[in-house]
Amino acid sequence: MRCFTKVSHDVVRHPRLTSDAKILIIYIQGLPESASAKPLGEHAADLGMKPRAYQKAKEALVACGFLHEWKWQGGRGRWITEQLISNVTLTREAASAVKDGVPPPSPPKPTVGPPAPPKFGGSPPEHEDGEKNTPHPPPETPKVPETPKAPETPQVPEVAEAERLLLSLRHTNRDLLLGVREARGLAEAAAEWLRRGIPVADLRHALTSHLPPGGVRSAVGFLRHRLVEKLPVPAPPPPTAAPAPAAMVTCDGPGDEHLFRPVADETRCRPCRTHDAARRQPPNRPPRTPWRTLVDQLAEGP
């Protein structure tokens with residue numbers, strides 16, 4: 001029997017892959033080697049896929065680990081895009097190893113019989129902002145029973161958001177590519193920016209702008225230096241609200257019943273207190289004689 005393509009159950013039954021994404025993987029599996037340098041978008045156009053549908057399918061393939069892309073700027077300033085597509089999910093590290101020609105690590109041995117190592121393919125990069133894909137993804141590999149992992153401690157929301165930001169910096173510049181452990185080691189320092197009121201977009205700009213002309217040698221060291229040296233001052237605390245005014249109470253003073261708002265623990269209003277203070281003052285004394293008049297009276301004698 002000829003002209004058929006074997007499709008992995010991991011692709012057909014994947015709950016997060018769209019129908020267009022599955023069709024793209026199946027279609028590319030049956031392509032000849034001569035179509036290896038053709039961009040993925042052109043294959044989608046050959047299938048009659050609309051641009052919006054292709055973008056959704058591409059996002060699903062990237063999110064599920066079936067498609068990986070690398071972009072960098074060539075010597076003449078032209079951007080180069082390289083793609084790797086497979087019918088099994090790959091981590092970023094495994095995909096980078098395949099791209100560089102390094103075989104991925106073999107899975108752990110099952111209880112009976114060693115598993116056959118998967119084969120991955122790649123193709124040379126294409127210049128002038130082009131794309132390319134691997135036409136023949138590796139065959140389906142037997143599933144190996146996984147060792148149960150200990151439950152991870154839930155992260156603080158700011159730390160989790162900072163870790164996602166650090167892992168996404170590779171899309172801005174490939175020199176800022178971080179592994180999962182590297183990003184986790186810098187997440188706490190990046191989360192401090194978010195706690196001080198810095199938006200995520202401003203933090204991304206601070207980490208990716210004005211990069212060294214010769215490139216970044218160590219992404220971990222470079223980002224750690226910027227996170228520490230450019231850490232902004234803490235935002236001032238919000239102003240405290242003014243205390244609510246006291247409730248109205250009945251005045252204990254004489255006269256008709258009336259209300260007033262006390263300032264402390266007084267029981268009489270201001271007019272009543274003023275009136276009481278005036279009543280307690282001593283009676284008016286006669287005016288004092290000026291001293292000059294007294295001197296004249298003494299000079300005149302009796």
Can you check side chain to side chain contact (heavy atoms under 4.5 Å, CB included) on Cys64 and Glu59, steps first, answer last? CA-CA 9 Å; Cys64 298; Glu59 292 174 0; over 6 Å; no

Does some side-chain heavy atom of Glu266 sit less than 4.5 Å from a side-chain heavy atom of Phe260? yes

Is Leu167 reachable from Leu211 through a run of I, L, V, M, F, W or Y residues, each pair having side-chain heavy atoms under 4.5 Å apart? no

Name all residues meeting the side-chain contact (heavy atoms from CB on, under 4.5 Å) criterion together with Thr267; count only those two or more places apart in sequence or in a different chain, and write none if there are none. Asp252

Nearest heavy-atom pair of Ser86 and Ile25: which atoms, and what distance? O-CD1, 4.2 Å

Out of curiosity, does Val180 fall in the hydrophobic cluster containing Leu166 (side-chain heavy atoms, cut-off under 4.5 Å, transitive links)? no

Could you report the tightest heavy-atom contact between Lys22 and Val12, atom names first, then the distance? NZ-O, 2.8 Å

Restricting to non-hydrogen atoms, name the atom on Ala219 and the atom on Leu178 that form the minimum distance, rounded to 0.1 Å. CB-CD2, 3.8 Å

Thinking salt bridges, do Glu69 and Lys58 make one under a 4.0 Å N-O criterion? yes

With sequence neighbours left out, which residue pairs that include part of residues 196-206 fulfil the side chain to side chain donor-acceptor pair (under 3.5 Å) condition? Ser168-Arg204, Glu192-Arg196

To the nearest 0.5 Å, what is the distance between CG on Leu61 and NE2 on His14? 9.5 Å

List in chain and number order the residues that pass side-chain contact (heavy atoms from CB on, under 4.5 Å) with Thr89, two or more places apart in sequence or in another chain; answer none if no residue qualifies. Phe66

I'd like a table of donor-acceptor pairs (distance under 3.5 Å, sequence neighbours excluded) in which one partner is a side-chain atom from residues 221-238, with atom names and distances.
| from | atom 1 | to | atom 2 | distance (Å) |
| --- | --- | --- | --- | --- |
| Arg226 | NH1 | Ala206 | O | 2.9 |
| Arg226 | NH1 | Ser209 | O | 2.6 |
| Arg226 | NH2 | Ser209 | O | 3.0 |
| Arg226 | NH2 | His210 | O | 2.8 |

Measuring only between side-chain heavy atoms, which start at C-beta, is Val249 closer than 4.5 Å to Leu259? no

Leu207 versus Leu176: any side-chain heavy-atom pair under 4.5 Å? no

Can you list everything that forms a side-chain contact (heavy atoms from CB on, under 4.5 Å) with Ala191? Sequence neighbours excluded, please. Glu158, Val159, Ala162, Arg195

For atom CZ of Arg270, is the number of surrounding heavy atoms from other residues, nucleotides or ligands below 6.0 Å larger than 12? no

Does His68 reach the side chain of Arg92, with side-chain heavy atoms less than 4.5 Å apart? yes

Indicate, with yes or no, if Ile198 and Val156 share a hydrophobic cluster defined by side-chain heavy-atom contacts under 4.5 Å among Ile, Leu, Val, Met, Phe, Trp and Tyr. no

Supply the atom-to-atom distance Cys251 SG to His258 NE2, rounded to the nearest 0.5 angstrom. 3.5 Å

Arg170 and Leu177: which non-hydrogen atoms are nearest, and at how many Å? CD-CD1, 3.4 Å

Side-chain heavy atoms under 4.5 angstrom apart, residues restricted to Ile, Leu, Val, Met, Phe, Trp, Tyr: same cluster for Val62 and Met49? yes

Would Leu40 and Leu24 count as a side chain to side chain contact (heavy atoms under 4.5 Å, CB included) if you check the C-alpha gap in whole Å, the side-chain angles of each, and the deciding distance to 0.1 Å? CA-CA 9 Å; Leu40 184 61; Leu24 269 177; 4.2 Å; yes

Nearest 0.5 Å please: distance from the CD1 atom of Ile28 over to the CG atom of Leu47. 8.5 Å

Suppose we screen for side-chain contact (heavy atoms from CB on, under 4.5 Å). Which residues come up paired with Arg261, at least two apart in sequence or across chains? Pro245, Ala246, Met248

Quick check: do Glu161 and Val200 have side-chain heavy atoms less than 4.5 Å from each other? yes

Taking all heavy atoms of Tyr54 and all of Ala44, pick out the closest pair and write down the distance. CD1-CB, 3.4 Å

Tell me the closest heavy-atom pair linking His43 and Tyr27, and the distance in Å. ND1-CE2, 3.8 Å

Would you say the side chain of Leu165 lies within less than 4.5 Å of the side chain of Leu203, judging by non-hydrogen atoms? yes

